[in-house]
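Because the structure is a prediction, the values reported are computed rather than measured. Here is the naming used below: chain letters follow the sequence lines, and residue numbers restart at 1 for every chain.
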Protein chains: 2
Amino acid sequence: MSVDPNNPIPIYQQITDYIRRSIAAGVYRPGEMIPSLRVLALELTVNPNTVQRAFETLEREGLIHPRKGLGMFVTRHGATSAQSQSRTAVYETFVQGIRAGYDANMTTRRIRGVFEQAARDVATEVRSAK
Amino acid sequence: MSVDPNNPIPIYQQITDYIRRSIAAGVYRPGEMIPSLRVLALELTVNPNTVQRAFETLEREGLIHPRKGLGMFVTRHGATSAQSQSRTAVYETFVQGIRAGYDANMTTRRIRGVFEQAARDVATEVRSAK
DNA sequence: TGCTGTGCACTAGCTTACTAGTGCACTATA
DNA sequence: TATAGTGCACTAGTAAGCTAGTGCACAGCA
């Protein structure tokens with residue numbers, strides 16, 4: 001993974017999203033330890049505190065929990081929680097897009113068409129990235 | 001219209017979006033003048049400069065153009081431009097959501113399902129608002 | 001020709017968010 | 001028992017973004 005300082009999305013959130021996705025995708029499994037503060041900070045050339053902030057939100061979300069002196073571990077239900085959270089995030093994004101469409105006086109049919117095109121485009125993009 | 005100061009989206013952008021949507025929806029037609037800086041500022045209880053900033057972006061987008069001493073007028077192709085811009089905005093939002101889905105290891109089928117549900121939810125929400 | 005309404009430019013203050021620096025308490029392990 | 005690796009708490013600086021204040025030049029109209 002890498003972090004883009006120029007991205008308007010703050011670094012700590014980029015890290016949060018990345019770890020959450022990794023847990024959802026099964027890269028880090030329940031009971032496993034995720035990379036430590038300093039390891040991540042060193043790898044991303046970022047202050048440990050920035051990583052810490054990402055950990056806080058993930059802990060608040062119930063995806064990871066700390067074991068004193070050891071590290072952060074993926075929660076028992078971390079994977080399923082992460083998946084359902086990812087799902088709601090996707091859902092919210094779609095709702096936002098659809099609302100914007102209606103606000104701009106687009107028809108349901110037209111909005112659907114835009115989604116289909118986006119789906120095709122991203123699908124080919126993902127396929128070619130493999 | 002009203003403006004929400006607590007909304008994380010900055011006020012000037014809320015105003016920008018509102019006017020853009022209004023032009024796309026045909027509330028303000030090509031050749032017509034849109035409400036002036038001070039009128040909008042007074043109505044929204046906001047500093048004229050904040051409205052001014054909204055005007056700048058709309059002018060940069062080619063939706064409105066100024067006539068000295070008179071006001072801001074909707075461009076000849078303002079309506080169609082606004083519509084196509086709204087369309088790209090919706091498209092980009094969808095792309096973002098779909099990408100997030102793939103990143104979280106969701107299948108294409110599942111992503112589609114989430115969209116369908118969002119579409120249904122927003123549709124009923126819009127219908128009941130009428 | 002004065003008055004009113006228009007956009008525009010300049011400055012300034014403020015708040016908020018983000019990142020960095022640093023030290024401390026805890027655990028496992030040799 | 002010493003050492004190295006963990007998360008965590010506190011402070012502080014910095015940067016950027018947003019909003020407000022104010023005055024100026026221009027156009028129409030009575």
Side-chain angles (χ1 to χ4, degrees), chain A residues 1-20 22-23 28 30-75 78, chain B residues 1-20 22-23 28 30-75 78:
Chain A
M1 137 159 229
S2 68
V3 156
D4 181 11
N6 297 334
N7 193 323
I9 297 177
I11 298 178
Y12 80 95
Q13 196 170 333
Q14 293 183 42
I15 301 175
T16 307
D17 293 342
Y18 169 72
I19 300 179
R20 191 188 299 113
S22 298
I23 294 177
Y28 308 126
E32 284 183 10
M33 175 181 162
I34 68 176
S36 75
L37 274 180
R38 289 172 183 75
V39 169
L40 276 178
L42 217 63
E43 181 185 338
L44 306 176
T45 56
V46 158
N47 191 281
N49 236 320
T50 308
V51 181
Q52 164 67 17
R53 189 157 173 189
F55 283 7
E56 283 173 8
T57 49
L58 291 171
E59 187 183 356
R60 208 178 312 125
E61 292 175 356
L63 301 188
I64 61 178
H65 74 281
R67 284 172 56 184
K68 284 197 173 180
L70 294 179
M72 300 297 275
F73 291 78
V74 178
T75 296
Chain B
M1 137 162 231
S2 68
V3 157
D4 181 11
N6 296 334
N7 194 322
I9 298 178
I11 297 178
Y12 80 96
Q13 197 170 330
Q14 293 183 42
I15 301 175
T16 307
D17 294 342
Y18 169 73
I19 300 179
R20 190 189 299 112
S22 298
I23 294 177
Y28 308 126
E32 285 183 10
M33 174 182 163
I34 68 175
S36 75
L37 274 180
R38 291 172 182 77
V39 169
L40 275 178
L42 216 63
E43 181 184 336
L44 306 175
T45 55
V46 159
N47 191 281
N49 236 321
T50 307
V51 181
Q52 164 66 18
R53 190 158 173 189
F55 282 8
E56 281 173 11
T57 49
L58 291 171
E59 185 183 357
R60 208 179 311 122
E61 291 176 357
L63 301 189
I64 60 178
H65 73 281
R67 284 171 58 183
K68 285 198 173 179
L70 293 181
M72 301 297 276
F73 291 77
V74 178
T75 296

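Backbone-only engagement by A:Leu70 is indicated by non-hydrogen atom pairs under 4.0 Å involving sugar-phosphate atoms exclusively. Across all strands, B:Arg67 comes closer than 4.0 Å to no nucleic acid atom at all (heavy-atom distances).
Of the candidates D:dT6, C:dC18, D:dT19, the closest approach to any side-chain atom of A:Tyr12 belongs to C:dC18. Of the candidates C:dC18, D:dC18, D:dC8, D:dC8 carries the atom nearest the A:Met72 side chain, counting heavy atoms from C-beta on. Comparing D:dG7, C:dG21, C:dG7 against the side chain of A:Asn47 picks out C:dG21 as the nearest. Taking every side-chain heavy atom of B:Ser36 into account, C:dT6 is the closest of D:dC18, C:dT6, C:dG21. The side chain of B:Arg38 lies closest to C:dC8, out of C:dC26, C:dC8, C:dC18. Listed candidates were D:dC10, D:dT19, C:dG7. Nearest to the side chain of A:Asn49 is D:dC10.
Contact check, A:Arg53 against C:dC18: a side-chain N or O comes under 4.0 Å of OP1 or OP2. A:Gln52 has a side-chain polar atom (N or O) that falls below the 4.0 Å cut-off from OP1 or OP2 of D:dC8. Applying the 4.0 Å criterion to OP1 and OP2 of D:dC18, one finds that B:Thr50 has every side-chain N and O outside that range.
In this structure, B:Ile64 and B:Phe73 have side chains that are not in contact, with every pair of non-hydrogen atoms separated by 4.5 Å or more.
Remark on DNA chain C: of its neighbouring residues A:Thr45 and A:Gly69, the 5'-side contact belongs to A:Thr45, judged by nearest-heavy-atom nucleotide.
One can place NZ of B:Lys68 at 12 Å from C1' of D:dC24, the figure rounded to the nearest angstrom.
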>> Assess the residue pair B:Arg20 and B:Glu61 against the criterion (side-chain contact (heavy atoms from CB on, under 4.5 Å)); give the C-alpha distance rounded to whole Å, side-chain angles, the decisive distance to 0.1 Å, and a yes or no.
In response: CA-CA 10 Å; B:Arg20 190 189 299 112; B:Glu61 291 176 357; 2.9 Å; yes
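Residues A:Asn47 and A:Ala41 come closest through the heavy atom pair C-CB, 4.1 Å.
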